[in-house]
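Labels below follow one simple rule: chain letters A, B, ... track the order of the sequence lines, proteins then strands, and each chain is numbered from 1.
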Amino acid sequence: MEQIIRHTGIGVPMRQSNVDTDQIIPAVYLKRITRTGFEDALFAAWRRNDDFILNKEPFNRGSVLVAGSDFGTGSSREHAVWALKDFGFKVVLSTRFADIFRGNAGKQGLVAGQLQPEDIELLWKELENNPGAEVSVDLDTRQVTCGAITADFEIDDYTRWRLMEGLDDIGLTLQSEEDITAYEASRPAFKPATLPAKP
Amino acid sequence: MTGLVFELSHRHYLTEEIMGDRQTSLTLAEKVWNSHVVKQGEGDGAGRKPDLVYIDLHLVHEVTSPQAFEGLRLAGRPLRRPDLTIATEDHNTPTLDIDKPIADPTSRKQIETLRANCKEFGVRLHPLGDAEQGIVHVVGPQLGLTQPGMTVVCGDSHTSTHGAFGALAMGIGTSEVEHVMATQTLSLKPFKTMAVNVEGSLKTGVTSKDIILAVIAKIGTGGGQGYVLEYRGSAIEELSMDARMTICNMSIEAGARAGMIAPDQTTFDYVQGRPHAPTGADWDAAVEYWKTLRTDDDASFDAEVSIDADELEPFVTWGTNPGQGVSLSESVPDPEDFGDENTKLSAQRALEYMDLKAGTPMKEVRVDTVFLGSCTNSRMEDLRAAAEIIRGRTKDPDVRMIVVPGSARVRLEAEAEGLDKVFEEFGAEWRFAGCSMCLGMNPDQLEPGERCASTSNRNFEGRQGKGGRTHLVSPLVAAATAVRGTLSSPSDLDEEPAAAAAA
């Protein structure tokens, strides 16, 4: 995974709560078997509307999405994170993220920073009044800055550490393989197995 | 063996600081978690690293697995435990003409990729046409692979379904799917616990779907965030396993990490005799252990909510997230009545998308389509309940109804009971098993502007097809709606036809 410590880019104000993953990427785009190339699928239904923010300059070059509460609810599709990344987003800021989305983001190097509602409101106003304004997100200090605004954001320590180090999860876990093998030896005999298949 | 299990179930993963005086009194979720901790996370307090948690069962389907298999292949890693992994085809599959090649080339490619991957990595697969194919969350319990006290994961948010057995069951993303394939574990942060107390008894015509829709309306789509919900109380204990699965299934719609119900005799009776249920001495040891999987009397939850089952009525959603619901006897709410500005905006936007006017009685809303199916409501009990309503009645001629059993096995059982004939005589379409119209991924989709009463789980914009409008309902409301053409409960129907059918 790519290391990320700080990022600065154009902020996109999205005044909407409950942006579910079906909106971020509709199911028809989930049939692909690759991990990249989902940029056309991001917010596909909303992008048919010319007034949608990502269809407009300079927001189509945005990399920091500032959204309302409960971002990423619904389906577990990691494609939502891939689509955001493929479009160019490095950071999503919200007052609250759905658990699975936040987990997926952390695995893929997309920063999901949680801000207080009043700070989101300030950022929305700043970005609406100054289209193209840049937002800086610093994982080291856990601060967001934009114009005169400086706000603290929350991200859990473990995810922050992994993002800053760019660590591969599976490699980390396999360092504990002896523990896994030991645990497996202790599993009760009544636990089911899928193989061999029983009629 | 049971001594070992007892010891495992009392291993503690939480630090003193977090646990406080709960060291000896645990909730159901904590007991299951503790018995699966391979390695505790290092550190304390907020800086504590996640626990490494063992996964007993990994369910796989075609949509969230191809990139995970590819990841294994690129890293040259084997799939660690094929014997704890099972795959089926459900999201992309058509529900008509299943003996013909899948028409959509991208869907076909994804299915073919799953078949090739399962072959390469030695994973048991139930493909389209197989007697055990179906929606992954219907297949697992049906085979007896879902059992109390297990950890179950799948690259699908509705994995919470399996919590109905007292299992800790979670939806995961594709990176985690690959992680489980490679290690049979997940790195997971501890969770908070929430008790959802449902006391009383449901009235006739009210179902477990109405309980969960009422819970979501009460706590909101983010209300369960970070929590494992435990549904408790007399109304829950009275429910069948099929009904319990409906409740746990939609825990994710409240934002929860999982939903659980303590196993009891109803659970044991459901599991016993299924193909992968323990037998002989293993069965006795399993039941002895399963009986310990109850929240201790003096254990405390981080949060509690209560729902009065006696007061519940059939529930229906009016908006574009599952928290936007009301009792069927109520009217479309007025966004102006919502205090919070963002909630108001969200309601306005939802009414616009749904083409509804504030103040319209829900029962006057006319639908075009009724969908009976999905991992929420496609099991035998759901089909029987709906069939009972429509038996001897006539479908509204302007409504199309499609009935999609959750699995090929459910379809066979329903046909053995003659339910297919009941649906077909009524004028409904009797389909093959799959996710079908729950999500716009296979040929079963709504047209733009089409309105649907659906027993599925999500009423998001475009979920059932671009521009489609979804009202989430129970199977009973779905059936009554198909008769009248407007959103209806069974109590709105004349009694005569059912009496005639009985005679």
Do you see a donor-acceptor pair shorter than 3.5 Å between the side chains of A:Thr181 and B:Arg80?
-> yes
Considering all heavy atoms of both residues, which atom of B:Ser187 and which atom of A:Thr173 are nearest to each other, and what is their separation?
-> OG-OG1, 4.0 Å
Crowding at CD, B:Glu42 (>12 non-hydrogen neighbours, <6.0 Å) = no
With a 4.5 Å cut-off on heavy-atom pairs, point out which of A:Glu177, A:Arg77, A:Arg102 contacts chain B the most.
-> A:Glu177
Heavy-atom distances under 4.5 Å only: say whether B:Ala87 touches chain A with side chain, backbone, both or neither.
-> neither
Please check if atom NZ in A:Lys125 has more than 12 non-hydrogen atoms from other residues, nucleotides or ligands closer than 6.0 Å.
-> no
Test log, rule salt bridge (charged side-chain N to carboxylate O under 4.0 Å, His left out), inputs B:Asp104 and A:Lys31 | CA-CA 10 Å; B:Asp104 177 3; A:Lys31 298 178 186 183; 2.5 Å; yes
B:Glu461 versus A:Asp20: any side-chain heavy-atom pair under 4.5 Å?
-> no
Would you mind checking if A:Arg15 and B:Glu341 are paired as a salt bridge, meaning a charged N to carboxylate O distance below 4.0 Å?
-> no
In Å and rounded to the nearest 0.5 Å, what is the CZ to CG distance from B:Arg48 to A:Asp157?
-> 12.5 Å
Under 3.5 Å, is there a donor-acceptor pair between the side chain of A:Glu78 and the main chain of B:Ser175?
-> yes
Looking only at non-hydrogen atoms, find the nearest pair between A:His79 and B:Thr174 and report the distance.
-> CE1-OG1, 4.5 Å
Between chain A and each of B:Ala256, B:Gly255, B:Ser107, count heavy-atom pairs under 4.5 Å; write down the option with the most.
-> B:Ser107
Compare every heavy atom of B:Ala182 with every heavy atom of A:Ile170, then report the nearest pair and how far apart it is.
-> CG2-CB, 3.8 Å
Residue, of B:Thr64, B:Asn321, B:Leu345, that accumulates the most heavy atom pairs under 4.5 Å with chain A | B:Asn321
Residues 127-142 of chain A: residues contacting chain B (heavy atom under 4.5 Å, by number) = none
Measure A:Pro199 against the heavy atoms of chain B and call it side chain, backbone, both or neither at under 4.5 Å.
-> backbone
Counting heavy-atom pairs under 4.5 Å with chain A, the top scorer among B:Gly41, B:Gly149, B:Ser157 is B:Ser157
Run the numbers on B:Asp83 and A:Arg187 for salt bridge (charged side-chain N to carboxylate O under 4.0 Å, His left out), then give the verdict.
-> CA-CA 14 Å; B:Asp83 61 328; A:Arg187 293 177 78 239; over 6 Å; no
Is chain B contacted by the side chain of A:Asn104, its backbone, both, or neither, given a heavy-atom distance below 4.5 Å?
-> side chain
Mind checking the CG-CD spacing from A:Asp22 to B:Gln464? Nearest 0.5 Å is all I need.
-> 10.5 Å
Is A:Glu2 atom CD crowded by more than 12 heavy atoms from other residues, nucleotides or ligands, each under 6.0 Å away?
-> no
What are the two closest non-hydrogen atoms of B:Lys39 and A:Ser176, and how far apart are they?
-> NZ-OG, 3.3 Å
Heavy-atom distance under 4.5 Å to chain A: side chain of B:Pro322, backbone, both or neither?
-> neither
Do any of residues 34-51 of chain A come closer than 4.5 Å to chain B, heavy atom to heavy atom, and if so which ones, in number order?
-> A:Thr34, A:Arg35, A:Phe38, A:Trp46, A:Arg48
For the pair B:Gln67 (side chain) and A:Arg32 (backbone), establish whether a donor and an acceptor sit closer than 3.5 Å, ignoring hydrogens and angles.
-> yes
Describe, in one word, how the ring planes of A:Phe190 and B:Trp290 are oriented to each other, choosing from parallel (under 30°), tilted (30 to 60°) and perpendicular (over 60°).
-> perpendicular
Could you check which of A:Leu195, A:Thr194, A:Val81 has the highest count of heavy-atom pairs closer than 4.5 Å to chain B?
-> A:Thr194
So which heavy atom on B:Met441 is nearest to which on A:Val28, and how close?
-> CG-N, 4.5 Å
Take A:Lys198 and B:Leu143 through the side chain to side chain contact (heavy atoms under 4.5 Å, CB included) test and state the conclusion after the steps.
-> CA-CA 9 Å; A:Lys198 295 180 186 173; B:Leu143 287 169; over 6 Å; no
Residue selection (most heavy-atom pairs with chain B, distance under 4.5 Å) from A:Gln108, A:Gln23, A:Lys107 | A:Gln23
Atom CG in A:Leu174, atom CZ in B:Arg77: separation rounded to 0.5 Å?
-> 5.5 Å
Distance from B:Ile252 atom CD1 to A:Ile100 atom CD1, nearest 0.5 Å?
-> 4.0 Å
Heavy-atom closest contact (A:Ser75 atom, B:Arg463 atom, distance) = CB-NH1, 4.3 Å
Toward chain B, the part of A:Asp169 with a non-hydrogen atom under 4.5 Å | both
Among A:Gly103, A:Ser69, A:Ala193, the residue with the most heavy-atom pairs under 4.5 Å to chain B is A:Ala193
Using a distance-only test with no angle check, is there a side-chain donor-acceptor pair under 3.5 angstrom linking B:Asn342 and A:Ser17?
-> no
Among B:Arg257, B:Glu253, B:Arg349, B:Gln445, residue most engaged with chain A (heavy-atom pairs, under 4.5 Å) = B:Arg349
Looking at B:Ile86, B:Thr183, B:Ile111, which one has more heavy-atom pairs under 4.5 Å with chain A than the rest?
-> B:Thr183
Pairs of heavy atoms under 4.5 Å with chain B: top-ranked of A:Arg160, A:Glu184, A:Lys191 | A:Glu184
Looking at side-chain heavy atoms only, is the closest gap between B:Leu52 and A:Ile180 below 4.5 Å?
-> yes
Looking at B:Thr185, B:Thr85, B:Val177, which makes the most heavy-atom pairs under 4.5 Å with chain A?
-> B:Thr85
Side chain, backbone, both or neither: which part of A:Pro196 has a heavy atom under 4.5 Å from chain B?
-> backbone
B:Lys344, NZ atom: more than 12 neighbouring heavy atoms under 6.0 Å | yes
Is the side chain of A:Asp99 donor-acceptor paired with the backbone N or O of B:Gln225 at a distance under 3.5 Å, no angle test?
-> no
